[in-house]
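Since the structure comes first, as structure tokens, the remarks are kept for the end.
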Amino acid sequence: MNLSRRGFLGFTAALVPIHQAATWEAPGGERLSHGEAIGRRASREAGGTLYLGTYGAGVGIATYDAEGKITKTGTIDGIPNPSFVIREGNFLYAVNEQNPGAVTAIDISATPKVLNRQPNNGSGPCHLAKVGDYLLSANYGSGDIAVHPIAADGSLEQQTDLVRHDGPEPHAHQVVQVGEYVLAVDLGTDSIYTYTLAAGRLTLQHQVKVKTGAGPRHLVFHPSGKYAYVADELDSTVTICGYDNGVLTVLDSIPTGAGENYPGEVVISADGSFVYVTNRGHNSVSIFRTNEAGLELVGTPSCGGNWPRHAAFDPTGRLLFVANQKSNNVVTFAVDETAGTLTQTGDFSMPSPVCVNV
């Protein structure tokens with residue numbers, strides 16, 4: 001089985017959320033209950049700034065209005081293959097999905113400027129998470145997780161750890177913080193690893209294997225913190241897992257729709273009622289109604305393009321953005337928060353969009 005990321009995805013050049021059982025962190029570090037978080041999101045006006053990861057030479061910058069219309073405002077140049085981007089206050093962090101791989105720090109407090117770039121001693125970095133004062137990157141090509149300290153000015157210091165997943169062909173695809181733990185999803189080993197991070201070093205605590213050949217790509221947690229939903233890229237399924245104190249337990253696996261779909265991203269509504277999965281083969285978005293430990297497929301509307309990769313909600317939860325890599329467009333959907341349905345409201349053209357940071 002050839003799991004080459006470049007070959008499989010047809011590259012032209014080459015959400016991350018922190019979940020912690022029923023509490024969320026607002027800007028400024030304030031901890032919010034589930035209800036407070038939903039209320040605060042609902043009270044916000046839609047509209048803001050998007051940072052768009054691409055396969056190219058820079059990060060796209062755009063604005064969007066309350067209806068989801070996207071308008072380009074600029075590009076942060078000089079960043080090779082920034083296929084995944086996260087924002088932390090006045091700073092952006094981007095992968096450089098190359099071989100050898102690297103990670104880049106960007107100051108966006110005024111006119112955006114690149115602060116520095118650090119090699120991560122892996123290949124094909126494709127996902128990032130900020131955990132405390134560290135930036136963690138998942139390397140698809142080399143199947144490992146890299147750790148870089150973040151300096152007070154937002155720049156990146158030299159790497160402090162690099163942990164490779166065991167297996168004949170590991171392909172680390174996502175890294176997320178879950179309370180005191182760090183979870184890493186690996187497509188090649190069909191596993192999800194649980195680590196602790198201390199003094200810049202990762203220590204393995206647990207490993208769970210999903211179905212052989214599933215190819216787990218990304219996961220998202222239910223707001224209760226008791227369940228996780230894993231998008232499986234290779235067998236077109238979602239794996240449902242229970243979660244307790246760093247340990248995932250596989251409960252079930254269900255298809256995302258008919259045929260081979262190559263799921264790309266999985267996101268969940270703020271109240272946990274609906275899970276959305278992008279399907280690249282089917283060029284659709286699967287909509288699942290949740291009952292926490294189970295999922296019911298309620299629809300697979302068109303993604304509005306070709307090869308949908310990343311997807312992200314705006315802060316209100318009323319808009320969903322989907323990046324369609326091969327059709328070179330980002331589509332905006334209005335979300336019916338009661339029924340979970342999606343209605344396309346915008347279509348923005350740009351070269352090779354693969355990540356939407358809101």
Side-chain angles (χ1 to χ4, degrees), residues 5-6 9-16 46-65 67-120 124-128 130 135 137 150 153-156 264-265 278 303-315 319-332 346-358:
R5 182 173 167 86
R6 288 171 180 262
L9 299 181
F11 289 168
T12 58
L15 101 123
V16 185
T49 301
L50 303 177
Y51 295 96
L52 302 166
T54 68
Y55 287 115
V59 175
I61 310 174
T63 59
Y64 67 96
D65 63 18
E67 284 71 44
K69 179 183 178 181
I70 300 172
T71 303
K72 181 178 179 179
T73 59
T75 304
I76 308 173
D77 294 318
I79 307 170
N81 285 348
S83 64
F84 195 81
V85 181
I86 63 172
R87 179 177 181 177
E88 296 292 338
N90 289 326
F91 304 101
L92 288 181
Y93 297 97
V95 301
N96 304 126
E97 191 173 324
Q98 297 178 311
N99 184 18
V103 284
T104 297
I106 307 155
D107 187 335
I108 55 170
S109 60
T111 300
K113 63 178 180 180
V114 173
L115 293 174
N116 73 331
R117 179 174 298 121
Q118 289 281 4
N120 76 349
C126 61
H127 201 271
L128 294 169
K130 181 178 180 291
L135 184 73
S137 50
I150 300 174
D153 66 355
S155 64
L156 296 170
E265 184 59 282
T278 60
C303 67
N306 186 2
W307 212 251
R309 286 281 298 276
H310 192 244
F313 287 105
D314 84 315
L319 297 174
L320 180 69
F321 301 100
V322 176
N324 294 307
Q325 179 185 351
K326 292 184 179 180
S327 53
N328 301 310
N329 66 329
V330 178
V331 173
T332 308
D347 189 335
F348 173 71
S349 296
M350 69 171 294
S352 191
V354 289
C355 175
V356 182
N357 179 271
V358 185

query: Do V331 and C303 have side chains that get closer than 4.5 Å, going by heavy atoms?
result: no
task: Taking the side chain as every heavy atom from C-beta outward, state whether I70 and M350 have any pair of such atoms under 4.5 Å apart.
output: no
message: Quick one: does any side-chain atom of N120 pair with a main-chain N or O of V103 as donor and acceptor, under 3.5 Å?
response: no
- line: In terms of heavy-atom contacts, G56 and P82 come closest through O-CD, 3.8 Å
field: CG on L115 to NZ on K113, rounded to 0.5 Å
entry: 6.5 Å
query: What are the two closest non-hydrogen atoms of G154 and A105, and how far apart are they?
result: O-CB, 3.5 Å
query: Taking atom types as modelled, is there a side-chain donor on D77 or T75 under 3.5 Å from an acceptor on the other?
result: no
task: Could you tell me whether the side chain of N96 and the main chain of Q98 form a donor-acceptor pair under 3.5 Å?
output: no
task: Please determine, by modelled atom types, if S83 and N81 share a side-chain donor-acceptor pair under 3.5 angstrom.
output: no
- prompt: Taking the side chain as C-beta and beyond, is there a heavy-atom pair between D314 and T332 under 4.5 Å?
  reply: no
statement: Residue set satisfying ring pair (Phe, Tyr, Trp, His ring centres under 6.0 Å) with Y93, at least two apart, ordered chain then number -> none
Sub-4.5 Å side-chain heavy-atom contact between L52 and V356: yes
message: N116: which residues meet the side-chain hydrogen bond (donor to acceptor under 3.5 Å, both in side chains) condition with it, sequence neighbours left out?
response: none
query: What about Y64 and F348, are their ring centers closer than 6.0 Å?
result: no
task: Look at the side chain of N329 and the backbone N and O of G304, then say whether any donor-acceptor pair between them is shorter than 3.5 Å.
output: yes
message: When you compare the side chain of T49 with that of I108, does any pair of heavy atoms fall below 4.5 Å?
response: no
T278 (side chain) donor-acceptor with H310 (main chain) under 3.5 angstrom: no
task: Check whether any side-chain N or O of R117 sits under 3.5 Å from a backbone N or O of P119 as a donor-acceptor pair, and report yes or no.
output: no
task: Pick out which of I150, L135, D107 makes a side-chain contact (heavy atoms from CB on, under 4.5 Å) with F91.
output: D107
query: Within a strict 4.5 Å, meaning less than it, do heavy atoms of the Y51 and I61 side chains meet?
result: yes
task: Report yes if the side chains of F84 and C355 come closer than 4.5 Å at any heavy-atom pair, otherwise no.
output: yes
